[in-house]
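Here is the structure we will look at.
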Amino acid sequence: MAAALVLLGTWPVVLAVLERRGRLPQHTYLDYSISNFLAAVLVAFTFGQIGGDTPETPNFLTQLTQDNWPSIMFAIAGGVFITLGTLATQYGWAYVGLTVTEVMASSLKVVIGTTLNYFLDGRINKAEVLFPGVGCFLIAACLGSLVHSSNAADNQEKLSNSRNFTGNTAKEELTRHLLEEEEPKDFEEAKPDVPKAEQKIEAGTADFLIHLEDKRSIKVLGSNTLVGLGIVTFAGVCYSLFAPAFNLATNDQWHTLRDGVPHLVVYTAFFYFSLSSFVVGLALNAWFLYRPMAGVPRSSLRAYISDWEGRELALLAGMVSGLGNAFTFMAGQAAGYAAADSVQALPLVSTFWGVVLFGEYRRSSRRTYTLLASMLFMFVVAMAVLMASSAHRKPL
């Protein structure tokens, strides 16, 4: 569980760094999808082949030939949900920030997903402990939305105060500044920037916000706060459904398998889960190359293939995420998927990187700092309560 926590708390930072450096999210996610699937193949042919090949617990290769399609479909559904959630968070990091996105998405995942897993797991977790923790997560998610709104207002004030114009809003001034750059609409037509003398810009200032907006691939300053909150809420709902789907794939609580057909072992279910995630992620981002969202420049397959800047980091993030998910599902099979959601403490890792590496919330108002501290405190309390509710799954 600890290994999964570190791994799942690290890969979002890597993808966020690439977006802030200007790499197109479509290119990054395509690389991420490839290595994420390779992680599942690695797990299947190592852990999935370890141990005896018995009728009750067949190994990975044996299960590929068995009639377990109902369970496979649940695993595939879980892969679709996690792909949609990850795609949404990739844009959520730009709109809402790494810290709030991870806390809100993880909190919503626990509120919905943990409740579903509690009943799917036969109520093996302590309800009197589990559900107060779920309530704390809900409060943390609400505080996250307030943090985003307060921080957006702080940024608006910083931009307004940095201009001497009286008739324009901060958004209008920012738009004028960006138009002066005359950036091309297509990625392939983009010309390399002429090196300029680098001047250290202090994090949290208006100049820092404008400089970041110039560099990043997803332009967000001046956008409606509800857009970012909507993206993160969608991500949280998608994340909340993939673990229950995986739970059904490995434990068959709805008795969809024929008599005598063994349940999918975790490694086989994870392979199908990752395969569907890979196919959906590949298809959607191939479409986004030519029909991008959120004002991201158009690209092409040729441009993606030739874009090697940051590719090694995107591939690393996919491998780290894949291994983190595998360890989470292994823990869920042993201790119950409701308790395994304690790995959602990953935002605490991401928060550290968001504040230290990205300078999030620097020079913000006292109101924003108070809300941020309250959100993180409530999240830590919720995690402690969730871990205290864990129990061991009864043998199948």
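- Summarising the local packing, CZ of F47 is surrounded by 12 or fewer heavy atoms from other residues, nucleotides or ligands at distances under 6.0 Å.
- The number of heavy-atom neighbours closer than 6.0 Å to CD of E309, taken from other residues, nucleotides and ligands shown, is 12 or below.
- In this structure, the ring of F81 has its center no less than 6.0 angstrom from the ring center of Y239.
- Nearest heavy-atom pair across A206 and K158 is CB-O, 3.5 Å.
- For the pair K109 and F137, the NZ or CZ position fails the cation-pi test of under 6.0 Å to the six-membered ring centre and within 45 degrees of the ring normal.
- Taking CD1 of I210 as the reference point, atom CG of L221 lies at 7.5 Å (rounded to 0.5 Å).
- Hydrophobic clustering places L284 together with I82 (ILVMFWY residues linked when any side-chain heavy atoms are closer than 4.5 Å, directly or through intermediates).
- With values rounded to the nearest 0.5 angstrom, Q253 atom CD is found 8.0 Å from H263 atom NE2.
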Problem set entry | Step-by-step side-chain contact (heavy atoms from CB on, under 4.5 Å) determination, T370 to R366 | CA-CA 6 Å; T370 302; R366 182 175 299 179; 4.1 Å; yes
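- Aromatic rings from Y29 and F288 are positioned such that their centres are separated by 6.0 Å or more.
- Using modelled atom types and a 3.5 Å distance limit, the side chains of T54 and T57 yield a donor-acceptor pair.
- Counting only distance, with no hydrogens or angles, the side chain of S145 and the backbone of C142 share a donor-acceptor pair below 3.5 Å.
- The closest side-chain heavy-atom distance from F74 to N251 is not below 4.5 Å.
- D53 contributes a side-chain N or O that, together with a main-chain N or O of N59, makes up a donor-acceptor pair within less than 3.5 Å.
- Without hydrogens or angle criteria, N36 side chain to Y32 main chain gives no donor-acceptor distance under 3.5 Å.
- V14 and L315 sit in two unconnected hydrophobic clusters of ILVMFWY residues. Membership requires side-chain heavy atoms under 4.5 Å apart, directly or through other members.
- Between G318 and S35, the shortest heavy-atom distance links the atoms CA-OG, 3.2 Å.
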For this session: In sequence, state the C-alpha distance, the side-chain angles, and the governing distance for V265 and T250, and then conclude on side-chain contact (heavy atoms from CB on, under 4.5 Å).
Result: CA-CA 6 Å; V265 296; T250 54; over 6 Å; no
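- Each of K215, K219, R216 was checked for a salt bridge (Lys or Arg N to Asp or Glu O under 4.0 Å) with E19, and the lone residue meeting it is R216.
- Between the side chains of N68 and S71, no donor-acceptor pair of N or O atoms lies under 3.5 Å.
- Between the side chain of W308 and the main chain of I305, a donor-acceptor pair closer than 3.5 Å is present.
- In this structure, Y290 contributes its side chain and L301 its backbone to a donor-acceptor pair below 3.5 Å.
- The structure places CG of L209 at 11.0 Å from CG of D214, a figure rounded to the nearest 0.5 Å.
- Between F358 and V17 there is a side-chain heavy-atom pair separated by less than 4.5 Å.
- T28 places no side-chain N or O within 3.5 Å of a backbone atom of P25 that could act as its donor or acceptor partner.
- The aromatic ring centres of F246 and F329 sit less than 6.0 Å apart.
- Salt bridge annotation for R363-E202: present, with a cationic side-chain nitrogen under 4.0 angstrom from a carboxylate oxygen.
- Across all non-hydrogen atoms, the minimal contact from S107 to A140 is OG-CB, 3.8 Å.
- Figure legend: cation-pi geometry between R362 and F208 absent, as NZ or CZ is not positioned both under 6.0 Å from the six-membered ring centre and within 45° of its axis.
- Residue S321 holds its OG atom at 8.5 Å from CG of L15, rounded to the nearest 0.5 Å.
- Using cut-offs of 30° and 60° on the angle between ring planes, the pair F60 and F271 is perpendicular.
- Judged by distance alone, with hydrogens and angles left aside, the side-chain atoms of S106 form no donor-acceptor pair with the main-chain N or O of V103 at under 3.5 Å.
- Between the side chains of Y304 and D31, at least one donor N or O sits under 3.5 Å from an acceptor N or O.
- Using a 4.5 Å cut-off on side-chain heavy atoms (C-beta onward), S374 and L143 make contact.
- Aromatic rings of Y118 and F131 (six-membered ring for Trp) have centroids within the 6.0 Å cut-off, being under it.
- Expressed to the nearest 0.5 Å, how far OG1 of T115 lies from CG of L130 amounts to 7.0 Å.
- Inspection of the T83 and S277 side chains reveals an N or O donor paired with an N or O acceptor under 3.5 Å.
- When only modelled atom types and interatomic distance are considered, E102 and W93 share a side-chain donor-acceptor pair under 3.5 Å.
- No donor-acceptor pair closer than 3.5 Å links the side chain of Q63 to the backbone N or O of T268.
- Although no hydrogens or angles enter the test, the distance criterion places no donor-acceptor pair under 3.5 Å between the side chain of S149 and the main chain of L146.
- A continuous path of hydrophobic side-chain contacts links F234 to V232 [ILVMFWY only; heavy atoms under 4.5 Å].
- With hydrophobic clusters built from ILVMFWY side chains whose heavy atoms lie under 4.5 angstrom apart, V41 shares a cluster with V280.
- A side-chain donor-acceptor contact under 3.5 Å links H27 and S299.
- Between Y361 and Y369, the distance from one ring center to the other does not fall under 6.0 angstrom.
- Under 3.5 Å, the side chains of T368 and N151 contain no donor-acceptor pair of N or O atoms.
- In terms of hydrophobic clustering, with Ile, Leu, Val, Met, Phe, Trp and Tyr side chains grouped at heavy-atom distances under 4.5 Å, V381 and L108 are assigned to different clusters.
- The two atoms that bring A39 and L323 nearest to each other are CB-N, 4.1 Å, heavy atoms only.
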For this session: Test side-chain contact (heavy atoms from CB on, under 4.5 Å) on L313 and R21 and set out the steps.
Result: CA-CA 12 Å; L313 290 177; R21 290 179 180 176; 3.8 Å; yes
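- With R23 contributing its side chain and D307 its backbone, the two residues share a donor-acceptor pair below 3.5 Å.
- Across I231 and G92, no two heavy atoms sit closer than the pair CG2-N, 3.8 Å.
- Heavy atoms only, all atoms of each residue included: P244 and G113 are closest at CG-O, 3.9 Å.
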For this session: Given side-chain contact (heavy atoms from CB on, under 4.5 Å), test W254 with L120 step by step and report yes or no.
Result: CA-CA 9 Å; W254 291 352; L120 289 174; 4.0 Å; yes
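- Once rounded to the nearest 0.5 Å, the distance linking CG of N155 with OG1 of T225 reads 12.0 Å.
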